[in-house]
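Just so it is clear: chains get the letters A, B, ... in the order the sequence lines come, proteins before strands, and each one is counted from 1.
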Amino acid sequence: MERYNFKKIEEKWQNHWEKEKSFSTKIDKSKEKFYCLEMFPYPSGKIHMGHVRNYAIGDVLARFKSLKGYNVLHPMGWDSFGMPAENAARQNNLNPKDWTESNISNMKSQLKKLGLSIDWDREISTCSSDYYKHQQEFFLELYDKGLVYRKENYVNWDPVDETVLANEQVIEGKGWRSGAIVERRKLNQWFFNITKFSDELLKGLDVLDQWPNKVKTMQKNWIGKSYGCEVNFKIETDKDIDEIKCYTTRPDTLFGMSFLALSVDHPIAKFYSEDPNFIKFKEECSKIGTTEESIAVAEKLGFKTDLLAINPMNNKIKVPVYFANFVLMDYGLGAVFGCPAHDQRDLDFARKYNLKVTAVVKPENEKDIVIEKKAYVDSGILFNSDIFDGLKVPNESIPEIINYLEKNKFGVRQTNFRLKDWGISRQRYWGCPIPIAYDENNNPVKIPKELLPIKLPEIKKLDSTGNPLDKMEDWKKIKINGKVCIKETDTLDTFVDSSWYFLRFCSPNQTTYGFDEEEVKYWMPVDQYIGGVEHAILHLLYSRFFMHALSLDNKNFNFKEPFKGLFTQGMVCHETYKDQNNNWVSPDELITINGKKFLKADKTNEVIVGPSESMSKSKKNTIDPEKIIQDYGADSVRLFILSDSPPEKDVQWSDEGMNSSFKFIQKLWMLNQKIFLEINADHPKNSENKIEIITNRFIYDVEKNIENFSYNKIIANFYEFYSAINKLINDKIEKKSLIENYGNSLIAMSPVIPHFANECLEMLSIKGFKSKFIWPKINKEILKSDKINFVVQINGKTRGLLKVNNGINEKDLIGKMREDNKINNYIKDKEFKKTIFIPNRLINIII
RNA sequence: GGGGCGAUGGCGGAAUUGGUAGACGCGUUGGUCUUAGGAACCAAUAUGGCAACAUGUGAAGGUUCGAGUCCUUUUCGCCCUACCA
């Protein structure tokens with residue numbers, strides 16, 4: 001028998017799919033649509049195992065839905081703007097465009113080798129002006145809707161590279177590349193007004209019943225809605241300060257207030273800007289902010305002012321006002337009142353500066369409460385609070401006190417969000433230019449639509465420092481309404497690119513607008529979105545925001561949730577290895593001798609095997625998919641990457657596992673050969689329907705498991721099916737039944753191992769197998785005709801199994817029990833006190 | 001500090017959602033074939049025991065005819081987030 005030549009066969013089918021455009025899609029209103037989308041990759045150069053897993057999961061679903069008769073949209077594109085291109089270009093002296101394009105072409109050919117059912121006619125790349133032209137139009141559209149504005153904001157500034165760094169590029173207060181100490185600098189930045197939709201983005205989550213709760217919770221926390229009130233504190237001072245407003249969720253603890261604390265960036269700080277002690281304090285605060293992120297709880301520090309704040313609940317109580325390092329300017333109002341007894345931070349602060357600690361909440365049924373090192377934050381009863389004593393905390397106390405504050409004009413009810421507006425300016429070259437220019441007075445002017453796209457200027461090589469666009473004097477000039485203006489040199493955050501790409505896939509060639517309304521109406525929303533959990537917050541939230549923004553005042557575009565179903569897959573892990581000198585070692589450099597791992601170069605040096613961790617270049621525990629596909633074939637890789645763990649959990653890569661998947665394909669091939677011998681033998685009809693039972697069971701299980709994302713169980717189904725058929729094949733199965741059932745089971749396998757299944761199906765079609773592209777219907781009657789393993793328990797202990805007919809009743813079953821010697825031994829001569837009978841499953845007899 | 005998830009053989013993991021605990025794979029052991037095998041095939045594989053049987057899902061209680069699954073308490077681990085007032 002011939003071995004399965006995966007190279008030849010996989011290439012054959014990949015060429016076939018490409019030539020036939022098997023996966024190209026168009027609107028077909030006679031069919032239900034299914035939009036299956038995996039997060040598009042950043043073209044870093046090569047695909048990695050995470051991609052393989054992500055796209056294998058998506059491909060199984062896309063192929064399955066297509067077999068189920070859906071009109072499936074399954075596109076792919078490139079998230080091709082971003083810093084890695086710029087960095088690579090600087091390092092290797094090339095231009096980001098060439099680098100990116102060559103990576104795309106390489107990765108595209110790698111993806112094709114995986115045999116994905118992708119409509120490549122819809123391929124898009126965000127760095128192409130065909131794409132970002134529309135993004136610039138969207139920017140202007142949002143600008144007109146009042147959702148874009150400019151304000152001064154702090155950024156992480158790397159003084160050596162003369163560039164702005166993202167938070168994750170600041171490592172221990174230093175620039176990740178230059179190592180220079182990062183400064184806080186104020187720059188004018190563009191913002192999207194995402195907070196306008198805070199409430200809607202929060203409420204929208206409730207509708208998303210096909211999203212993991214984990215992700216919804218993360219978004220909820222990120223939006224961070226809180227209910228409280230603004231409290232006005234009158235200030236006693238000789239300075240020109242009347243009052244300070246604080247935001248609080250616990251106005252009911254006002255009677256326990258012992259200080260008021262301000263952020264160093266609070267407007268009041270201007271009265272102290274000359275005070276050398278304040279300047280020193282402010283410097284110290286900023287040091288802690290950037291250099292000691294790793295320390296979980298920085299020490300609470302304060303700078304005492306000469307101000308006194310008057311407690312609105314009792315104007316005889318006057319408390320000191322501090323600037324404090326733990327108060328943030330960009331949350332609430334940048335000012336808080338401190339109630340040490342009932343807030344841990346306030347307590348720490350009070351203990352440090354010897355401030356009064358007055359408890360105003362005590363546990364129910366207690367007379368008093370003593371506060372030492374731990375603040376009391378639980379529910380209880382209000383006391384020491386004048387007329388409010390005895391109220392239940394928090395359900396009665398908070399509304400009552402807010403009412404009182406509002407009535408007396410001491411404050412107003414207020415909800416607050418943690419969510420901040422989305423800063424979209426990036427001081428970089430490799431991104432979408434912002435379609436704004438500045439006139440002679442430096443006022444921003446929209447660049448008219450006719451002048452779009454504002455293309456990135458061609459560039460030979462990048463300087464090592466600064467924003468190249470800023471230095472391109474010719475490019476910067478633009479004539480708007482006859483006047484020369486200077487273009488914005490910031491580019492857009494790449495999260496903007498990925499906030500609408502799923503719309504673009506619906507009509508990738510539309511030139512007049514970012515998408516075609518009809519196409520979007522048909523295809524959107526994405527029915528199943530699949531990707532890593534690392535995008536749980538930002539990318540998904542920004543995309544949701546973008547849909548809200550486009551929907552605003554737009555009758556023709558009115559859906560707000562882009563992703564109906566979301567699935568977040570786990571990571572691919574691998575053992576880590578280190579040599580004797582504690583350097584990471586790649587699995588390629590190892591050789592296994594007697595189960596121990598040695599360096600290939602030096603077989604006397606055993607390496608230290610570390611824990612399995614997610615594959616990363618820095619730990620050198622990556623496996624190159626291209627090589628694996630070359631050695632084992634795409635079907636084997638797909639089979640393995642789906643087999644070991646549920647897709648939402650991490651999976652361990654192992655050579656042994658990969659090898660066994662490869663061997664399994666070979667075994668299936670051998671089985672295929674055997675089956676063809678049986679078909680040719682043309683056996684006569686046989687009354688048993690074992691093959692029908694096995695096949696129907698198999699198809700039923702696979703279908704159920706695909707729909708529940710239990711892909712690892714599908715692979716188990718494959719193995720079970722294989723051994724069942726492999727045994728059964730000796731029973732001389734009738735030709736027609738064999739062709740029919742084997743063909744159907746191949747279809748059920750095809751989403752996972754498409755090349756193999758299609759090859760076998762093609763061979764089978766010569767023998768007369770017809771239905772090629774339809775998911776087989778399950779015959780439920782046949783499933784019912786299968787015998788059932790009935791569990792027999794005596795006094796709750798399992799004492800045996802009876803193979804009985806489906807639907808057997810209690811009386812007949814007890815009869816069967818008496819026929820079984822072993823079981824009968826337990827029940828003969830005994831009186832049944834109680835019988836629990838679960839049809840088709842279990843009987844429990846209490847004696 | 002806050003939030004979320006989890007704990008099942010030597011390992012990855014199943015368990016129809018309260019009904020045979022350990023599917024399927026890896027590994028291990030034994031066997032067959034082979035010049036040989038790290039190939040292929042067959043068989044065994046939770047623990048103790050020759051067996052009948054007993055025990056067993058991080059720990060301790062509870063509900064139930066019946067608990068990996070539900071409840072209470074507790075320990076440990078992972079992930080996210082972080083001075084959010």
Side-chain angles (χ1 to χ4, degrees), chain A residues 212-218 220-222 224-226 228 231 246-251 253 261 263 288-289 293 296-300 324-328 330-339 343-346 348-349 375 377 416-420 533-534 536-537 570-571 573 592-595 612 639-640 643-646 648-661 663-664 666-667 670 701 704 710 712-723 726 789-801 822 833-838 840-846:
Chain A
N213 282 329
K214 183 174 67 170
V215 174
K216 286 196 277 189
T217 311
M218 283 164 84
K220 244 174 225 162
N221 293 340
W222 189 260
K225 185 173 188 174
S226 68
V231 186
C246 294
Y247 173 75
T248 180
T249 54
R250 292 298 304 276
T253 61
S263 158
I288 289 167
E293 297 157 332
V297 186
E299 198 191 1
K300 308 273 175 287
N325 63 345
F326 63 91
V327 183
L328 307 172
D330 51 10
Y331 183 79
L333 299 164
V336 299
F337 78 81
C339 173
D343 183 290
Q344 192 59 45
R345 283 160 314 171
D346 295 347
D348 295 344
F349 190 81
V377 293
N416 200 15
F417 293 93
R418 207 196 78 121
L419 184 68
K420 292 178 201 115
V533 75
E534 65 273 19
I537 298 176
M571 289 181 294
C573 299
T592 309
I593 303 166
N594 296 331
S612 183
L639 193 70
F640 174 64
S643 69
D644 262 10
S645 301
E648 70 275 14
K649 286 198 192 161
D650 290 354
V651 65
Q652 310 291 325
W653 182 272
S654 79
D655 296 342
E656 293 80 9
M658 182 60 244
N659 206 31
S660 86
S661 294
K663 286 194 285 192
F664 182 64
Q666 294 294 343
K667 285 191 205 174
M670 293 302 159
D701 287 344
K704 192 183 66 194
S710 301
N712 54 327
K713 286 189 246 167
I714 301 173
I715 314 304
N717 299 145
F718 279 26
Y719 279 99
E720 282 165 326
F721 174 75
Y722 165 81
S723 28
N726 202 32
N789 282 326
F790 215 101
V791 180
V792 178
Q793 295 187 338
I794 316 291
N795 286 340
K797 288 203 190 259
T798 303
R799 294 301 182 185
L801 279 179
K822 199 185 139 203
K833 284 187 187 137
K834 193 174 177 184
T835 308
I836 293 105
F837 180 84
I838 313 289
N840 286 343
R841 189 148 306 167
L842 170 141
I843 188 165
N844 186 8
I845 289 173
I846 312 302

Pairwise [atom1] distance, [M] and [N] [rounded to whole Å]:
N	M	atom1	value
rC24(B)	rC42(B)	P	14 Å
rU35(B)	rA52(B)	P	42 Å
rC71(B)	rG19(B)	P	15 Å
rG22(B)	rU32(B)	P	30 Å
rG27(B)	rG9(B)	C1'	12 Å
rU63(B)	rC79(B)	C1'	33 Å
rU20(B)	rG68(B)	P	10 Å
rA7(B)	rU69(B)	C1'	14 Å

Could you give the distance from [atom1] ([X]) to [atom2] ([Y]), rounded to the nearest 0.5 Å?
X	Y	atom1	atom2	result
Ser661(A)	Tyr719(A)	OG	OH	4.5 Å
Lys663(A)	Met658(A)	NZ	CE	11.5 Å
Asn789(A)	Asn840(A)	CG	CG	11.5 Å
Asp330(A)	Lys420(A)	CG	NZ	4.0 Å

What's the [atom1]-[atom2] distance between [X] and [N], to the nearest Å?
X	N	atom1	atom2	answer
Asn213(A)	rG4(B)	CG	P	10 Å
Asp655(A)	rG27(B)	CG	C1'	14 Å
Met670(A)	rA39(B)	CE	P	15 Å
Asp650(A)	rC78(B)	CG	C1'	10 Å
Asn659(A)	rG27(B)	CG	C1'	13 Å
Gln344(A)	rC84(B)	CD	C1'	16 Å
Asn795(A)	rU64(B)	CG	C1'	14 Å
Phe640(A)	rG12(B)	CZ	P	14 Å

Please tell me which of Phe417(A) and Gln652(A) maps to the more 5' nucleotide of RNA chain B, matching each residue to the nucleotide holding its nearest heavy atom.
-> Gln652(A)
Which residue, Gly224(A) or Ser710(A), contacts RNA chain B at a nucleotide closer to its 5' end, judged by nearest heavy atom?
-> Ser710(A)
Answer with base, sugar-phosphate or nothing: what part of the nucleic acid does [X] contact at a heavy-atom distance below 4.0 Å?
X	answer
Ser654(A)	nothing
Val327(A)	base
Glu656(A)	sugar-phosphate

Quick one: are [X] and [Y] in side-chain contact, heavy atoms under 4.5 Å?
X	Y	result
Ser660(A)	Phe640(A)	no
Ser226(A)	Tyr247(A)	yes
Asp644(A)	Trp653(A)	no

Is [N] paired to anything, Watson-Crick or G-U wobble with both distances less than 3.5 Å, and if yes, which nucleotide?
N	result
rU69(B)	none
rG48(B)	rC53(B)
rA7(B)	rU75(B)
rU17(B)	none
rC33(B)	none
rC24(B)	rG12(B)

From C-beta outward on [X], which listed nucleotide comes closest to its side chain: [options]?
X	options	answer
Arg418(A)	rG12(B), rA85(B), rU81(B)	rU81(B)
Tyr331(A)	rG13(B), rG4(B), rC84(B)	rC84(B)
Thr249(A)	rG4(B), rA85(B), rG12(B)	rA85(B)

Nearest heavy atoms of Thr248(A) and Val231(A), plus distance in Å | CG2-CG2, 3.8 Å
Which atoms form the tightest heavy-atom contact between Gln344(A) and Ala375(A), and what is the distance?
-> OE1-N, 2.9 Å
Under the rule syn = chi within 90° of 0, otherwise anti, which is rG9(B)?
-> syn
What is the glycosidic conformation of rU17(B): syn, defined as within 90° of 0, or anti?
-> syn
Phosphate OP1/OP2 of rA40(B): any Lys663(A) side-chain N/O under 4.0 Å = yes
Does Lys214(A) place a side-chain N or O at less than 4.0 Å from the phosphate oxygens OP1/OP2 of rG4(B)?
-> no
Donor-acceptor pair, side chain of Gln793(A) and main chain of Ile843(A), under 3.5 angstrom | no
Distance-only, no hydrogens or angles: does the Asp343(A) side chain make a donor-acceptor pair with backbone N or O of Asp346(A) under 3.5 Å?
-> yes
Letter by letter from the 5' end, nucleotides 16-25 of chain B scores (B base, S sugar-phosphate only, - none; protein heavy atoms under 4.0 Å) B--BBS-BSS
Per-nucleotide protein contact along nucleotides 41-58 of chain B, 5' to 3', at a 4.0 Å heavy-atom cut-off (B base, S sugar-phosphate only, - neither), is S-----------SSS---
How about Phe837(A) and Phe790(A): are their ring centroids closer than 6.0 Å?
-> yes
